[in-house]
Amino acid sequence: MTAESVDEPVQDPPARRRRLHPAWTVALVALIALIGAAGFRAAPGVLMVPLEEEFGWTTAELSLAVSVNLLLYGLIAPFAAALMQRFGIRAVTVTALFVIGAGAALSVLVATPAQLILTWGVLIGLGTGSMALVFAATITDTWFATRRGLVSGVLTAGSATGQLIFLPVIAAAAEDIGWRGASFIIAGGALAVAPLVWIFVRNRPSDLGVGRYGEPAPASPPAPLPRGNAWGAAALAIRTLREAARTKTFWALAIGFAICGATTNGLIGTHFIPSAHDHGMPTTTAAGLLAVVGIFDIAGTVFSGWLTDRVNPRILLAAYYALRGVSLLFLPSLLSAEVQPSIIVFIVIYGLDWVATVPPTIALCREVFGDRGPLVFGWVFAAHQIGAGIASILAGLVRDHTGQYTVAWFAAAGLCAVAALVSATIRRHPAPVRE
């Protein structure tokens, strides 16, 4: 009896000692990294006007650099997910942050549109595309067995909100110290995050002797990461696309997400500030409005993640796209030189809906494609950025040929109706058994 009374307390303290599962620390650092990487993603919308004034480049020329950025940002995502499986999350993420910092710093030397494409487009596109939403999906699936919808919502909000919250900072810096100084600030922000990732992020829970959040610790030591090289990772990404492309669900998700990209990064993210400027609104004021979008995006995306754990994600996607389309129909009549209550209502609605589509899309990729879910989401996200890149170019051409963006806003509203219909008709698939 004495032995039992002595032994009983010894069993419990270790369980109580770990008050916070390391998955939450990894998620927090991932959130900081996503916000840091988002800094330069915010720059094009703010710096288009200063660059146009200094160099005399057209809106279409500037939009081309942004489009290359958006396309690479998406196309590199599935390969980045495969690289994370081959070489680990930490190494790929730190490398991406250094590429972002280099691209931001080198952008101050541009003197031609081609050089802008190289820095804004290629370097920043590759760096941010190696993180962004596919990074959020990989962290969520690797470290969490439960609360996945909520975590993916928080990380997604960090990625998108970081872009928008930086806008007034970049706009103010561009006015006070010039657009080159603003670029250096962004470069420093991206580089400052890299040490945090290297110190606190691990590739898998088993590296720390624990299981994913919501499941028990592994009984045996972790197996090493699969051997391979970058070519092997690329082959894995291509093979995953080939298999996923045989399903109607993949194409439904890709079409919907392409329209999502067109109506967020491609149009509002790139052209809202120039469009507001056309109506007489100061650039800093328009940037402030987009920052408000970022604030409400936090609430909208986190709430969407919470709902995704409880509601059919197909219904959520259809509702989000429909709401976005209705709001875009009203935008041309809301823009003016002054900030009116009506434009505030638009900003709030668009903020709540900005990337609320991401958690249910990640959930559907996981439901249909299982362990390959993050890789498949990488390809779906590539479609998102292809839509964004095309929309950025077309909106610039519309502005150059008509002198305004009205046709672009109305066309985007029609596309949202298509996305809502396609999302509502996605077939059900049996979900994998959760631990």
Audit row: Leu155, Thr140, side chain to side chain contact (heavy atoms under 4.5 Å, CB included) steps and yes/no: CA-CA 9 Å; Leu155 294 181; Thr140 300; 4.0 Å; yes

Chi angles and distances behind the side chain to side chain contact (heavy atoms under 4.5 Å, CB included) call for Asp278, Arg399: CA-CA 10 Å; Asp278 287 344; Arg399 168 63 177 78; 2.6 Å; yes

Derivation and outcome, side chain to side chain contact (heavy atoms under 4.5 Å, CB included), residues Ile238 and Arg242: CA-CA 6 Å; Ile238 296 295; Arg242 190 165 54 243; 3.9 Å; yes

Side chain to side chain contact (heavy atoms under 4.5 Å, CB included) assessment of Ile268 paired with Tyr350: CA-CA 10 Å; Ile268 295 294; Tyr350 222 84; 3.6 Å; yes

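Contacts of Arg180 classified as side chain to side chain donor-acceptor pair (under 3.5 Å), with partners at least two apart in sequence or in another chain: Glu54. Not counting sequence neighbours, the partners of Arg372 by the side chain to side chain donor-acceptor pair (under 3.5 Å) test are Thr240. Under the rule for a side-chain contact (heavy atoms from CB on, under 4.5 Å), the partners of Val122 that lie at least two apart in sequence or sit in another chain are Val68, Leu72, Leu118, Leu126. Every residue was checked against the side chain to side chain donor-acceptor pair (under 3.5 Å) condition with Ser423, not counting sequence neighbours, and none meets it. Here Ala80 pairs with Ser130 under the side-chain contact (heavy atoms from CB on, under 4.5 Å) rule; sequence neighbours left out. Under the rule for a ring pair (Phe, Tyr, Trp, His ring centres under 6.0 Å), the partners of Trp57 that lie at least two apart in sequence or sit in another chain are Phe55.
Closest approach of Trp354 to Arg324, counting heavy atoms only: O-NH2, 3.0 Å. The shortest heavy-atom contact between Ala77 and Phe381 is CB-CD2, 3.6 Å. Contact record, Asn265 with Gln385: OD1-OE1, 3.8 Å, taken as the closest heavy-atom pair. Nearest heavy-atom pair across Pro313 and Leu364 is CG-CD2, 3.7 Å. Taking all atoms of both residues into account, the shortest heavy-atom contact from Glu52 to Leu62 is CB-CD1, 4.0 Å. Smallest separation of non-hydrogen atoms from Leu375 and Pro78: CD2-O, 3.2 Å.
Contact of the Glu215 side chain with the Thr146 side chain is not registered, since no non-hydrogen atoms from C-beta on lie closer than 4.5 Å. Contact check for Phe377 versus Leu253: no side-chain heavy atoms found under the 4.5 Å cut-off. Contact of the Trp409 side chain with the Ser275 side chain is registered, since non-hydrogen atoms from C-beta on lie closer than 4.5 Å. Under the 4.5 Å side-chain criterion, counting only non-hydrogen atoms from C-beta, Leu335 is in contact with Phe272. Considering only heavy atoms from C-beta on, Gln115 stays 4.5 Å or farther from Leu109 through its side chain. The shortest distance between side-chain heavy atoms of Tyr213 and Trp143 does not fall below 4.5 Å. Within the 4.5 Å cutoff, side-chain heavy atoms of Met281 are placed close to those of Leu289. The shortest side-chain heavy-atom distance between Leu267 and Leu328 does not fall under the 4.5 Å cut-off.
Looking only at distances, a side-chain donor or acceptor of Thr95 sits under 3.5 Å from a matching main-chain atom of Ala91. In terms of modelled atom types and a separation under 3.5 Å, the side chain of Ser304 and the main chain of Ala356 share a donor-acceptor contact. A donor-acceptor pair under 3.5 Å is formed between the side chain of Ser183 and the backbone N or O of Trp179. No donor-acceptor distance shorter than 3.5 angstrom exists from the side chain of Asp207 to the backbone of Arg202, with no hydrogens or angles considered. Looking only at distances, a side-chain donor or acceptor of Thr58 sits under 3.5 Å from a matching main-chain atom of Glu61. For the pair Arg314 (side chain) and Ile426 (backbone), a donor-acceptor distance under 3.5 Å is present. Of the possible donor and acceptor atoms, one in the side chain of Arg310 sits under 3.5 Å from a partner among the backbone N and O of Trp306. Thr142 places no side-chain N or O within donor-acceptor distance of the main-chain N or O of Ile139, the cut-off being under 3.5 Å.
Of the residues listed (Thr93, Val94, Val193), the one engaging Trp198 in a side-chain contact (heavy atoms from CB on, under 4.5 Å) is Val94, and it is the only one. Considering Asp353, Thr357, Val355 in turn, Val355 is the only one that fulfils the side-chain contact (heavy atoms from CB on, under 4.5 Å) rule with Thr301.
Taking CG of Leu31 as the reference point, atom CH2 of Trp24 lies at 12.0 Å (rounded to 0.5 Å). Distance CD1/Ile255 to CH2/Trp251: 8.0 Å, rounded to 0.5 Å. Here Leu150 contributes atom CG and Leu307 contributes atom CG; the two are 11.0 Å apart, rounded to the nearest 0.5 Å. Rounding to the nearest 0.5 Å gives a distance of 9.0 Å between CG of Leu196 and CG of Leu28. To the nearest 0.5 Å, the span separating CG on Leu64 from CD1 on Ile393 amounts to 5.5 Å. Leu331 contributes atom CG, which lies 8.0 Å from atom CD1 of Ile347 (distance to the nearest 0.5 angstrom).
Ring centroid separation for the pair Trp379 and Phe257 does not come in under the 6.0 Å cut-off.
Within 6.0 Å of CZ on Phe369 lie more than 12 heavy atoms contributed by other residues, nucleotides or ligands. With a 6.0 Å radius and a threshold of 12 heavy atoms from other residues, nucleotides or ligands, Arg90 has its CZ atom above the threshold. Open room surrounds CZ on Phe303; 12 or fewer heavy atoms of other groups in view lie less than 6.0 Å from it.
The aromatic rings of Tyr405 and His271 sit tilted, their planes meeting at an angle between 30° and 60°.
Residues Thr263 and Tyr321 bring no donor and acceptor atom of their side chains to less than 3.5 Å of each other.
Using a 4.0 Å cut-off between charged nitrogen and carboxylate oxygen, Asp141 and Arg366 count as a salt-bridge pair.
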